[in-house]
2 protein chains.
Amino acid sequence: MKPKVTIEDIARLAGVSKATVSRVLNERSNVKAETRERVLRVMQEQGFVPSLAAAGLAGGRSRLVGVLTPPFTQPTVPEILRGVAEAIEHTDYEIVLYSTNAGQSPTTIVNRILALGLTSCLLVIQPGPLTPRLLQLASQGLPVVVIDDQGPPPELPSVGIDNRVSAYQATMHLIRLGYRRIAHLQGPAEFRCAQERYQGYRQALDDAGLPFDPALVFNGTFETASGRACAVALATLPLAERPEAIFIANDQMAFGFLSAAEALGLRIPQDLAVVGFDDIPLSAHVRPTLTTIKQPFYEMGRNAVELLLSLLHGPAMQPVAGAEDGYQPPIRIQLPTRLVIRESCGALTLHRRQEQEHSLSDE
Amino acid sequence: MKPKVTIEDIARLAGVSKATVSRVLNERSNVKAETRERVLRVMQEQGFVPSLAAAGLAGGRSRLVGVLTPPFTQPTVPEILRGVAEAIEHTDYEIVLYSTNAGQSPTTIVNRILALGLTSCLLVIQPGPLTPRLLQLASQGLPVVVIDDQGPPPELPSVGIDNRVSAYQATMHLIRLGYRRIAHLQGPAEFRCAQERYQGYRQALDDAGLPFDPALVFNGTFETASGRACAVALATLPLAERPEAIFIANDQMAFGFLSAAEALGLRIPQDLAVVGFDDIPLSAHVRPTLTTIKQPFYEMGRNAVELLLSLLHGPAMQPVAGAEDGYQPPIRIQLPTRLVIRESCGALTLHRRQEQEHSLSDE
DNA sequence: CCTTGACATGAAAACGGTTTCATATTATGC
DNA sequence: GCATAATATGAAACCGTTTTCATGTCAAGG
């Protein structure tokens, strides 16, 4: 094992002190150009790489960003992480990854993160409510940025989308296609995004002057199984009460819905149009392909990193004039979503839908 | 920001020296049970978490495992990473993640990893050849474990599968189904696994007494596009020369093949049976669903971590008696694969294949 | 009862940087 | 040409651990 070359070696070889080498390393301005030059050259020659551990210890700060994620197999995660990784790469920072495997207390992990004593900030990818411990830490000054969902009031800086507006778009798309009775399969109530998507759905119905029928709102868990359950529930409805379309709060549930619908002999979109939410990779490949709201996961990752680093490099945000009471509501970066039209909503097979309308009006 | 409680505080409160506290922390045996008890209690009370940075600096080693991965969006990666994350979680170690985004020199990243000075070992997920820099580091004593592929001679400890045998199984499956003219779309030659899969294919042909036709071997890149290209190439073949089945060296290419085949009016599996390799999540969802070799990605991740840590905790492997020359060939953990039979190979629709044989023999 | 280890503990020196404070050097103003 | 400020550098303290070495204590052996 090669003996590590340290700042001291560089100092000796360049004929300066450790302090000066450190200054060069940290790009301090008060080093004579000539000296800096010499030091840099020696570092180059020696293949010197400063120890982040030592720097972190001495400087009290660190170059490590803790990233807390759900399991990678959750389909939205890889794309987010790709954005995170790519953004980090352009900086001096590194990623320390904490994956919350199901069945593990989030608090345990958060504590573990701190145990590092290395991680100076935290990027949390968490659909669903935040743990109290996390909020506590954030309030103690730990820079934290959350991707995606948020507990009731947005208490932490975050990056996400406008769930309400997006759900509105999705529902409105169905309405424009001529569907009148539109159901909704919603996510669990503890997810803020589930509530917002529900609100968007309601709003669209209202704005279109369509009646709201509570019997058409189903409770889901954001998991595939609850999509299947919903399809079954729908199929057992008397024909006259069946909806013509359904807005499902995430793609995962939509998959379950589609597969159960197929098994039940329900044709999508002829018998029932479906719109999902997320646009995860599979959505373009299920049959029928899923019309859905595309979340910009990659961009969310990138933006989260940028936000986090800007927080870290000092609160450079100028207080808004006139609101100088010192309180800054946490920043939220809201990225645009997009409706991706595929087969499941029937937009691509309008003629068939017209047939369907006929047969329905015959009843 | 709360002032961090250090080992010194604990020492003072417990009425012992820093050294003793350190011993307790590291579970050294030579501490009186009573003392240990007291120290532990104080640590508990104070919510003490030792600084990994300091420990790493002082101890010369570190509790960080560097993980070098391809982009997360490469479909095999999330599952591997899940295994890695889960295995790590049961240890004191943490993951520092380095994602190699396309178009970035691997050497740059490897250097960056070392720059950390934190990472004491490396887990490399790399299909394709290893960079010289990596080999150099490994030979300098850095513990490295590679997942999946390997450069020509297996120079580093690794975890993977037996590509040759798996490809043999895949091809033999087609043979058993009665296909005689079996094509192969292979991966790029610089991938060892591509070569091995090719060999397995050849071997199966040989063992079955089937003639090998070089015209039926196509060159691919492991990417979707080359699957499409292959389908086109096949379709332009004179009818009499067309294969009845094809073994495609990875699922990604198989997807391209399937979609192009559909566009070309080639029915799968009736006109042509397809077997892939990998069993990534999409494989169960494309139409027709893909018969393929399942790689145990999750287990590969877990095993790689275990191997790496065993390497780290001292070369505890007893030299084999009689081979005491000191040279230890690097360990390779080879996990079993499994053939997953779905629609694309035609096994599920045998009757149709029989029809097909009829029509073929009519020609 | 005294020696010899074994065992438990403490003091202090690393580890590789950053940072503060003092000092040496140079530039500036009069 | 000299006082003064600005700039460049060095010495040493410090960050929170681990580790080595020395010391103190206690039980066993002679």
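These values consider heavy atoms only, across backbone and side chains, with no hydrogens, waters or symmetry-generated copies. Each chain gets a letter, A, B and so on, in the order the sequences are listed, and its residues count up from 1. The shown structure was predicted, so the numbers you read here are calculated from the model rather than taken from an experiment.
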Next on the checklist: By the salt bridge (charged side-chain N to carboxylate O under 4.0 Å, His left out) test, which pairs, at least two apart or in different chains, include something from residues 8-36 of chain B?
Outcome noted: B:Asp9-B:Arg12
Checklist entry - Which nucleotide span of DNA chain D, 5' end to 3' end, has atoms closer than 4.0 Å to non-hydrogen atoms of chain A? => result D:dA8 to D:dG16
Item to check | For atom CZ of B:Arg12 and atom P of C:dT9, their distance in whole Å | outcome: 19 Å
Checklist outcome for this item: CD1 of A:Ile88 to CD of A:Glu306, rounded to nearest 0.5 Å, is 10.0 Å
Item to check | B:Glu89 side chain to A:Tyr98 side chain, donor-acceptor N/O pair below 3.5 angstrom | outcome: no
Item to check | Test item: A:Ser158 and A:Ile147 side chains (from C-beta on) under 4.5 Å apart, heavy atoms | outcome: no
Checklist entry - So, A:Glu94 and A:Arg63, do they make that salt bridge, N to O below 4.0 Å? => result no
Checklist entry - Looking at A:Arg82 and A:Glu79, does any basic side-chain N land under 4.0 Å from a carboxylate oxygen? => result yes
Next on the checklist: Taking the axis from the first five pairs and the axis from the last five, what angle separates them in the helix from C:dC1-D:dG30 to C:dC30-D:dG1, rounded to 10 degrees?
Outcome noted: 40°
Item to check | Within residues 34-43 of chain B: residues closer than 4.0 Å to DNA chain C (heavy atoms) | outcome: B:Thr35
Next on the checklist: Return whichever of B:Ala33 or B:Leu57 has its heavy-atom-nearest nucleotide of DNA chain C closer to the 5' end.
Outcome noted: B:Ala33
Next on the checklist: Among A:Asn26, A:Ile7, A:Leu25, A:Ile10, which residue satisfies the side-chain contact (heavy atoms from CB on, under 4.5 Å) criterion with A:Pro50?
Outcome noted: A:Leu25
Checklist entry - Along nucleotides 18-23 of chain C, 5' to 3', which nucleotides get a B, which get an S, and which get a -, given that the test is a protein heavy-atom distance under 4.0 Å? => result BBB---
Which atom pairs, one a donor and one an acceptor, fall under 3.5 Å between side chains of residues 39-47 of chain B and the rest of the protein, sequence neighbours left out?
none

